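Take a look at the structure set out below.
Not measured: the values here are computed from a predicted model. Letters A, B, ... mirror the listed sequences (proteins, then strands); counts begin at 1. Excluded from the calculations below are hydrogen atoms, water molecules and symmetry mates; all remaining heavy atoms, backbone and side chain alike, are included.
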Amino acid sequence: MDTEHRSNFLRTQIQNDLNAGIVDRVVTRFPPEPNGYLHIGHAKSITVNFGLAEQFGGVCNLRFDDTNPEKESQRFIDAIKSDVSWLGYQWDGDVRYASSYFQQFYEWAVHLIESEKAYVCDLSADEAREYRGTLTTAGRDSPYRNRPIEENLRLFESMRAGEMEEGACVLRAKIDMASPNINLRDPTLYRIRKVAHHQTGDDWVIYPTYDFAHGQEDAIEGISHSICTLEFEDHKPLYDWFIENLPVPSRPRQFEFARLNVNFTVTSKRKLKLLVDSGVVSGWDDPRMPTIAGMRRRGYTPTALRHFCEEVGTSRSDGVVDVAMLESAVRNDLNRQAPRAMAVLNPLALELTNLDDAEILQIPNHPADEIMGKREVRLSPRIWIDREDFRQEANKKFKRLVLGKRVRLRGAYVIEAERCELDDQGEVIKVYASIVPQTLGGDPDDGVKAKGVIHWVDAETGVEAEIRSYDRLFTVEDPSRADNFDDVINPHSLLVTRGIVEMGLASVQPETRFQFEREGYFVADRYDHAAGAPVYNRVIGLRDTWTSHE
RNA sequence: UGGGGCGUCGCCAAGCGGCAAGGCAGCGGGUUUUGAUCCCGCCAUUCGGAGGUUCGAAUCCUCCCGCCCCAGCCA
């Protein structure tokens, strides 16, 4: 799919493994827990995992890491599958579920008990924490640590049979309570949770922890490179311990990369959920959300997202990527693939005093791509222009319409403003202008060129549309550090107005993207746009190197 | 002051002992019926700091400094 690959440590690692014959086929996996919507950080993980498989001719699985039924649901599974597909990736075979390996995990847990490497511990959560010690002091052995194998077997079976209450006990690995790596201080393998599971129903009342499940899931699926984020590096010794002490079918290895952070946005499920629950945004797929569903609705493209992830690279150093990089990727793709059209966001009436009958003009859909063809646009005596594009007087830097001066109507004639009407407040309510003859395909004969070009929409055929202009959700670079979310929410992140769009824009399919010339990129809303009642979201404005110079 | 990571241009990031890629942002200039795009040019004698090894170090060694992660029966 994407052909250019810049160097990074994962690609180097995999290439070396292939060269050395350590692996003969690359198999990766994207393993989300279905407890929320995917966000930009997951997009990174998806492109890394699927991208690596693609580059090296391997495959990538989509596996739901559903070991904690309390927070998970089918709704999230559906949303995640949809997001991955939308990004343009196809997982190998069927979707996998950690829950479909529960019986195997149970048997492996019994295996550990039988080899005296796991035991049932009756310590309460609080007691266990106390026994665990601290970062600088060793932990103490649980008083249940040396229960006989038979007793452990009996107790574990009892846990599984639902004869124990939640929290009464857990199954723990017997490793080293004095390890400087806290993950090795007899970690929990199984806990009792008497809740129905979205996939396995009431089959189980004990569920494996991430640590006990993940590596074995990878082993079962023959994952060659298990890629995760940096915070799991401390878990690798444990990951390897299970692989070494269990009769697993393969020996996957874990590699970690730094998670993606983007300034002016938050990427933690907890905080995103807070935005949704507090009503700051309309939902997980609100166009201002950094969720994949949100960015999709905003009008971002899969290609832009994939290129963005490739451009930021994959390394092991923590960093914060400038959101401008994401916006650049979006503009870059849209500039290439979005047809041009005209829409007046802030309508001001203009009458062409010397145009008797309407004309049909042929206007190119893309300035650099003839293949996109041309469209017919009607020009009648009454049109709309943007209020920002007219001034009664202005200095020479103002390249738009000024009384007594000329400007080019995009794709049409050069016009000259004659006079304007004001209301009681002194606001301009209508402009009268005349067409300069012979200027359809060229400059005026008298040599007085137009100062600039403005967009317009025919008043007779233009259609009123709802325009949703989005801006960044937060006012500060690092919103996650704010004490109170309310202090850093941008109160102007959504501005709803009514504009006039050219006729053709009213009947397109939802999610069709355009560049509204001189304004920015817009997308017909995925849900609310309808023929005859157009709703457009501003994806991103055009790059602007001028307003700050005025 | 336990363990594990990371420090290369404002931001991201290549580089793996031979003399600092690229992208984003920024700044100049050109083209332009989008103040867009496109094009051209500029933008780290220097790689967290200090020593050392070497003919030669961002790359190897030592010490120091800074930042991130770990004490869920979350993932």
Side-chain angles (χ1 to χ4, degrees), chain A residues 6-8 12 31-33 35 65 67-68 70-71 121 123-125 128-130 132-139 166-172 179-185 187-193 207 209-211 213-214 228-237 256 258 260 263 269 307-308 310-329 331-332 335-336 340 342 363-364 366-368 397-400 407-414 439-443 450 452-455 515-520 541-547 549-550:
Chain A
R6 60 195 64 210
S7 171
N8 69 48
T12 302
E33 182 187 14
N35 67 347
D65 215 352
T67 57
N68 185 0
E70 285 177 317
K71 305 182 297 180
C121 177
L123 251 24
S124 70
R129 178 162 53 247
E130 208 175 297
R132 187 153 38 234
T134 71
L135 295 178
T136 52
T137 61
E166 278 192 24
C169 56
V170 297
L171 182 71
R172 302 175 71 178
S179 172
N181 181 342
I182 291 181
N183 295 120
L184 263 20
R185 321 242 263 226
T188 299
L189 270 37
Y190 266 97
R191 71 284 216 197
I192 300 167
R193 284 285 177 282
Y207 292 95
T209 56
Y210 163 86
D211 283 319
H214 207 90
C228 60
T229 42
L230 252 26
E231 68 269 27
F232 290 101
E233 185 150 34
D234 287 343
H235 294 245
K236 184 150 59 180
E256 315 83 21
L260 172 67
N263 63 9
K269 274 180 190 166
H307 284 175
F308 167 69
E310 177 62 26
E311 276 158 14
V312 299
T314 304
S315 75
R316 288 176 59 85
S317 58
D318 289 306
V320 182
V321 172
D322 193 336
V323 69
M325 227 164 143
L326 209 207
E327 296 173 342
S328 168
R331 286 197 185 96
N332 188 36
N335 173 54
R336 200 169 42 72
R340 311 289 122 122
M342 292 193 283
I363 299 181
H366 196 287
K397 282 189 170 180
F398 188 73
K399 293 167 59 179
R400 311 177 190 180
V407 80
R408 161 80 63 183
L409 287 181
R410 178 65 163 161
Y413 299 94
V414 169
T439 52
L440 192 50
D443 291 328
V453 181
I454 64 172
H455 58 284
Q515 181 197 99
F516 287 174
E517 296 212 53
R518 301 209 313 129
E519 291 288 0
L542 253 27
R543 186 158 164 271
D544 183 358
T545 53
W546 174 75
T547 49
H549 292 231
E550 196 183 17

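By the stacking rule of 5.5 Å between ring centres and under 30° between planes, A:W546 stacks on the base of B:rG35.
Comparing B:rC60 with B:rG15, their P atoms sit 13 Å apart, to the nearest whole Å. Rounded to a whole angstrom, the distance from the P atom of B:rA13 to that of B:rG7 is 9 Å. For the P atoms, the distance from B:rU45 to B:rG49 is 12 Å, rounded to whole Å. Taking the C1' atoms as reference points, B:rU46 lies 15 Å from B:rA21, given to the whole Å.
As judged by a 4.0 angstrom heavy-atom cut-off over every strand, A:F232 is placed among the base-contacting residues. Heavy atoms of A:E256 sit nowhere under 4.0 angstrom from any nucleic acid atom. Residue contacts for A:V320: at a heavy-atom cut-off of 4.0 Å it reaches the sugar-phosphate backbone alone, with no base atom in range. Residue-level contact check: A:T209 touches the backbone only, with heavy atoms under 4.0 Å from sugar-phosphate atoms and none from bases. Among the atoms of the strands shown, base atoms are found under 4.0 Å from some heavy atom of A:D234. Using a 4.0 Å heavy-atom distance criterion, A:L184 is classed as making no nucleic acid contact. Heavy atoms of A:A412 sit under 4.0 angstrom from at least one base atom. If you check every strand for non-hydrogen atoms under 4.0 Å, A:S179 touches nothing.
Taking 4.0 angstrom as the limit, A:T67 places none of its side-chain polar atoms (N or O) nearer than this to OP1 or OP2 of B:rC74. An OP1 or OP2 oxygen of B:rC74 is reached within less than 4.0 angstrom by a side-chain nitrogen or oxygen of A:R191. At B:rC73, one or more side-chain N or O atoms of A:R132 fall inside 4.0 Å of OP1 or OP2 (strictly under the cut-off). In this model, the phosphate group of B:rC12 is not approached by any side-chain N or O of A:S315 to a distance below 4.0 Å at OP1 or OP2. Here A:R185 does not reach the OP1 or OP2 of B:rG72: none of its side-chain N or O atoms lies under 4.0 Å away. OP1 and OP2 of B:rA36 both lie 4.0 Å or more from every side-chain N or O belonging to A:R331. Phosphate contact (OP1/OP2 of B:rA36, side-chain N/O of A:T545, threshold under 4.0 Å): present. Residue A:R336 places none of its side-chain N or O atoms closer than 4.0 Å to OP1 or OP2 of B:rU37.
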Next item on the list: Might you work through the side chain to side chain contact (heavy atoms under 4.5 Å, CB included) test for A:Y207 and A:T67, ending with a clear yes or no?
Entry: CA-CA 6 Å; A:Y207 292 95; A:T67 57; 5.5 Å; no

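Looking at A:K236 and A:E256, their side chains come closer than 4.5 Å, going by heavy atoms from C-beta outward. Residues A:H235 and A:N181 form no side-chain contact, since every pair of their non-hydrogen atoms from C-beta on lies 4.5 Å or further apart.
Toward the 5′ end of RNA chain B lies the nearest nucleotide of A:G441, the other residue of the pair A:G441 and A:I192 mapping further downstream. When each of A:L409 and A:S7 is assigned the nucleotide of RNA chain B with its nearest heavy atom, A:S7 is the one assigned upstream, toward the 5' end.
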Protein and nucleotides 19-24 of chain B: nitrogen or oxygen contacts under 3.5 angstrom:
none

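Considering only the side chain of A:V170, B:rC73 comes nearest among B:rC73, B:rG5, B:rC12. The side chain of A:T12 lies closest to B:rG15, out of B:rG15, B:rC74, B:rU34. Here the side chain of A:E231 is nearest to one of B:rC73, B:rA71, B:rA75, namely B:rA75.
Using N1 to N3 plus N6-O4 or O6-N4 for Watson-Crick, or N1-O2 and O6-N3 for G-U wobble, each under 3.5 Å, B:rU54 pairs with nothing.
Applying the 90° cutoff around 0 to the glycosidic angle, B:rG72 is assigned syn.
Checking side-chain atoms of A:R185 against main-chain N and O of A:R132 turns up a donor-acceptor pair under 3.5 Å.
The base of B:rU34 lies outside donor-acceptor range of the side chain of A:E519, with no N or O pair under 3.5 Å.
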